[in-house]
Amino acid sequence: MTSTEAITESEDSGPSGYAAARLRLLQQEARSGPPRRAALARLTDDWLTGLFTSAAEHAGVRGAALVAVGGYGRGELSPRSDLDLLLLHDGTADAAALSALADAIWYPVWDLGLALDHSVRTPGEARKTAGEDLKVQLGLLDARPVAGDLGLVASLRTAILADWRNQAPKRLPALHELCQERAERMGELQFLLEPDLKEARGGLRDATALRAVAASWVADAPREGLTEARRVLLDARDALHLTTGRATDRLALQEQDQVAEALGLMDADALLRQVYEAARTVSYATDVTWREVNRVLRARSVRPKLRAMLSGGLGSKAVPERAPLADGVVEADGEVVLARAARPDRDPVLTLRAAAAAAEAGLPLSRHLVRHLATTVRPLPVPWPPEAREELVTLLGAGEPTVGVWEALEAEGIITRLLPDWERVHCRPQRNPVHTWTVDRHLVETAVRASSLTRRVHRPDLLLVAALLHDIGKGWPGDHSVAGEVIARDMATRIGFDKHDVGVVATLVRHHLLLVDTATRRDLDDPATVRSVAEAVSTASTLELLHALTEADALATGPAAWSTWRAALVTDLVKRVAAVLAGEAPEDPEEAAPSAEHERLAIEALRTGEPALTLHTQPEEPAGEGEVEPVGVELLIALPDRPGVLPAAAGVLALHRLTVRAADLRAVELPNEVGESADLLLLSWRVAAEYGSLPQAARLRADLVRALDGSLDIRARLAEREAAYPRRRGVKAPPPRVTVAAAGSRRATVIEVRAQDAPGLLHRIGNALEGCAVRVRSAHVSTLGANAVDAFYVTGTDGEPLPQIRAAEVAREVEKALG
């Protein structure tokens with residue numbers, strides 16, 4: 001059924017007939033994608049033609065036309081798209097008649113609840129407005145007649161295109177600046193968990209900008225894959241409109257599964273991967289096109305000066321057009337291209353040599369070069385020859401320029417031909433909000449970060465390759481570190497490392513989370529903790545590499561993954577492990593003395609029998625390269641050991657709206673005034689005010705005393721606040737998970753808690769542990785984005801680790817309390 005037949009069948013070409021036909025079209029599941037968008041545009045054309053024809057005759061208007069612009073002009077109407085319309089007239093009709101004609105078209109559109117962007121102009125006014133407003137000019141480039149005087153529309157299109165081409169040297173830089181500003185504001189679509197399909201970089205706006213560049217005749221975008229990428233983004237937007245019933249371009253987390261189902265995809269991850277792939281194609285085409293635009297415009301601006309110099313008889317020293325970079329590779333006009341003597345069909349290392357040379361020189365690879373290499377260079381032998389391995393290491397060690405070069409190789413499928421296992425991580429989303437990048441981009445970013453740490457290690461080549469491969473197991477079932485170890489061993493062998501080096505790379509991949517997990521979630525004073533790490537890394541050289549890899553991985557993950565606090569904990573752990581590997585025994589925690597500040601507080605707590613505490617403001621300090629650690633406060637507490645300390649202290653902090661960034665609790669014994677041992681608890685907290693100013697230490701101490709003696713009902717107070725300020729609706733967080741860490745310690749049982757961070761969470765955990773009648777020997781609390789990852793070293797009342805069955809019961813009770 002054609003769109004015209006749909007309206008005819010309804011026997012009503014008015015708004016109700018159009019609405020019914022539109023609804024039927026959108027409900028046809030077998031009709032989707034470009035055919036449905038085109039059919040919806042035709043259906044809308046027919047309806048608007050009827051409105052225009054009738055209204056123009058009634059108003060007596062001649063020399064006018066109704067023009068579709070923007071997306072409607074391209075015939076790409078999504079279910080909730082705006083209608084962008086221009087009522088074009090030759091200026092002969094009087095104002096009242098034009099107003100009546102416009103009202104007869106606009107009001108029926110509004111009555112149906114359709115969004116409308118409209119204007120009434122003569123061709124001269126349209127050209128003038130386009131010359132002043134770049135967005136108007138972009139919309140008019142896609143102008144298409146719907147009804148009325150076709151000649152009027154044709155002449156306007158011709159004039160608009162001529163203006164655009166004539167003004168290209170001025171308008172294209174302005175368009176580029178507009179695209180860059182939008183990218184900075186909206187982010188890169190291919191890395192966002194909730195991307196805007198239209199406005200984010202690599203989205204539909206950028207695809208439209210590429211059409212505008214092509215229309216200028218200055219440069220043309222790479223055609224390969226671009227049409228398909230636009231189709232994927234438009235199909236996703238269609239499904240999003242139908243799923244939500246709203247005109248939205250933001251692919252929110254809670255709607256991704258439904259959108260995926262509507263598109264016939266397996267799940268939300270499959271949807272994001274497809275969308276990311278499309279966005280990456282658009283982004284790459286955007287980079288290549290704007291580079292070509294800048295090259296052409298630069299050349300145009302130089303030619304008149306050169307002609308003037310030559311006509312004036314001025315001699316000038318010839319400047320070489322091609323500068324050698326490496327064997328078979330030269331720089332020409334700001335890009336890396338092949339030397340004339342290069343033989344790609346006989347030089348399998350040429351691709352990596354060209355990529356390494358480009359990254360080291362900070363230059364882009366010519367798109368024509370990459371395409372030529374992709375089709376002509378013979379595959380590398382397996383294992384790779386030493387030169388190929390060295391060029392890969394050089395590429396990975398070049399720093400930031402590595403990213404652009406790597407993306408150029410990926411765009412032509414070269415990376416997956418060099419490293420077949422890369423396909424699994426290509427454009428793979430990471431749903432943990434701590435992560436900034438997709439898996440593949442995160443791996444490259446980790447190598448970039450590692451390149452600045454190569455002076456800290458004896459084997460920078462192994463560090464860089466391990467950085468590239470550390471998450472290669474993501475996308476496989478089970479623990480990605482375990483799967484990654486097997487894949488990394490195969491890939492390192494393929495790259496040409498010897499057996500020993502392959503083993504080191506595999507170990508680094510297997511244990512790339514070991515240091516940060518242990519440092520932030522385990523008791524470093526427990527000899528078992530340090531020995532377990534030493535057994536895993538085996539050698540001091542591997543420990544050195546793992547330390548650098550840990551930092552590079554965290555810095556490449558996102559701002560929530562690394563801080564001066566985490567860096568200090570990891571460094572402390574590395575120092576202890578290095579001592580064990582050197583043959584020294586780990587320090588016995590029973591003999592380790594508390595800090596001077598804690599000792600002062602402990603003496604005061606022993607003397608008074610009550611809590612003693614102090615607050616220290618942490619100054620701003622660098623957290624990493626180009627990053628600043630937020631201001632926080634260190635809260636130190638010492639008090640006699642007694643039941644209920646952890647939930648009481650955590651509850652008081654929650655009542656004062658203090659966010660716990662990190663916490664450490666340690667039980668110690670100190671001699672009292674009569675020389676007998678007294679049990680004390682030492683608590684170290686890093687906290688920050690949720691909002692407002694920090695509370696005074698005296699108020700915290702007073703409330704802590706009240707909480708411990710039972711006169712302050714923390715649970716009731718927190719419940720009152722939660723009832724008064726209900727949490728905002730949002731994506732439902734995954735349920736908490738509480739487990740018993742296997743072989744975590746010889747002196748205690750380690751209970752691990754992973755949950756959504758929330759006010760009072762630590763208080764609830766503490767209450768649950770108290771209810772299980774266990775003693776918290778130490779606690780290690782950390783927060784990564786919205787996720788709390790905590791470890792509690794507990795013993796029974798006899799001071800011994802819990803039996804296995806009892807430990808499992810405690811874990812279940814804590815999980816139940818948090819659920």
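Just the heavy atoms: all of them, side chains too, but no hydrogens, waters or symmetry mates, feed the values below.
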Exercise for the section: Go through the steps for Phe792 and His780 under the test ring pair (Phe, Tyr, Trp, His ring centres under 6.0 Å), then give the verdict. Expected result: CA-CA 6 Å; Phe792 301 88; His780 307 274; 8.9 Å; no
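- Not one N or O on the side chain of Arg737 forms a donor-acceptor pair closer than 3.5 Å with the backbone of Ala755.
- Contact check on Glu535 versus Arg531 returns no salt bridge, with no Lys/Arg side-chain nitrogen under 4.0 Å from an Asp/Glu carboxylate oxygen.
- Using a cut-off of 4.0 Å between Lys/Arg side-chain N and Asp/Glu carboxylate O, Lys474 and Asp471 are scored as salt-bridged.
- The two residues Leu325 and Ala361 make their nearest non-hydrogen contact at CD2-CB, 4.2 Å.
- Comment: Arg367 does not engage Glu292 in a salt bridge, judged by the lack of any side-chain N to carboxylate O separation of less than 4.0 angstrom.
- Residues Arg431 and Asp269 are paired through a salt bridge, judged by an N-O separation under 4.0 Å between the basic side chain and the carboxylate.
- Contacts of His435 classified as ring-ring contact (aromatic ring centres under 6.0 Å, His included), with partners at least two apart in sequence or in another chain: His442.
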Problem - Leu468 and Leu464: CA distance, side-chain angles, deciding distance, side-chain contact (heavy atoms from CB on, under 4.5 Å) verdict - result: CA-CA 6 Å; Leu468 183 71; Leu464 292 168; over 6 Å; no
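- The distance from atom CG of Leu418 to atom CG of Leu352, rounded to the nearest 0.5 Å, is 5.0 Å.
- Electrostatic pairing of Glu410 and Arg441 does not count as a salt bridge here, judged by no charged N lying under 4.0 Å from a carboxylate O.
- Other residues, nucleotides and ligands place more than 12 heavy atoms under 6.0 Å from the CD atom of Gln180.
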Exercise for the section: Might you work through the salt bridge (charged side-chain N to carboxylate O under 4.0 Å, His left out) test for Arg280 and Glu407, ending with a clear yes or no? Expected result: CA-CA 9 Å; Arg280 188 167 291 192; Glu407 287 186 343; 5.4 Å; no
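- With salt bridges taken as basic N to acidic carboxylate O contacts below 4.0 Å, none links Asp421 and Arg494.
- Using a distance-only test at 3.5 Å, with no hydrogens or angles considered, no donor-acceptor pair links the side chain of Arg449 to the main chain of Ala554.
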Practice task
Take Val482 and Arg510, measure what side-chain contact (heavy atoms from CB on, under 4.5 Å) needs, and give me the verdict at the end.
Solution key: CA-CA 6 Å; Val482 176; Arg510 173 65 181 88; 3.7 Å; yes
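- For Ala358 against Val336, the heavy-atom pair with the smallest separation is CB-CG2, 3.6 Å.
- A salt bridge does not link Asp525 with Arg747: every distance from a Lys NZ or Arg NE/NH1/NH2 to an Asp or Glu carboxylate oxygen is 4.0 Å or more.
- Ion pairing between Glu277 and Arg428 fails under the 4.0 Å rule for side-chain N and carboxylate O.
- Without hydrogens or angle criteria, Thr529 side chain to Asp523 main chain gives a donor-acceptor distance under 3.5 Å.
- Distance alone, capped at 3.5 Å, is enough to place a donor-acceptor pair between the Thr375 side chain and the His372 backbone.
- Thr454 places no side-chain N or O within 3.5 Å of a backbone atom of Ala450 that could act as its donor or acceptor partner.
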Handout entry: His480 vs His512, ring pair (Phe, Tyr, Trp, His ring centres under 6.0 Å): CA-CA, chis, key distance, verdict
Key = CA-CA 11 Å; His480 77 278; His512 69 273; 5.2 Å; yes
Problem - Stepwise salt bridge (charged side-chain N to carboxylate O under 4.0 Å, His left out) check, Arg521 with Asp790 - result: CA-CA 6 Å; Arg521 303 173 193 175; Asp790 307 337; over 6 Å; no
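- Judged by distance alone, the side chains of Thr539 and Thr542 do bring a donor and an acceptor atom under 3.5 Å apart.
- Not counting sequence neighbours, the partners of Phe191 by the ring-ring contact (aromatic ring centres under 6.0 Å, His included) test are Trp437.
- Note on Asp287 versus Arg201: salt bridge recorded, some NZ/NE/NH1/NH2 to OD/OE distance being below 4.0 Å.
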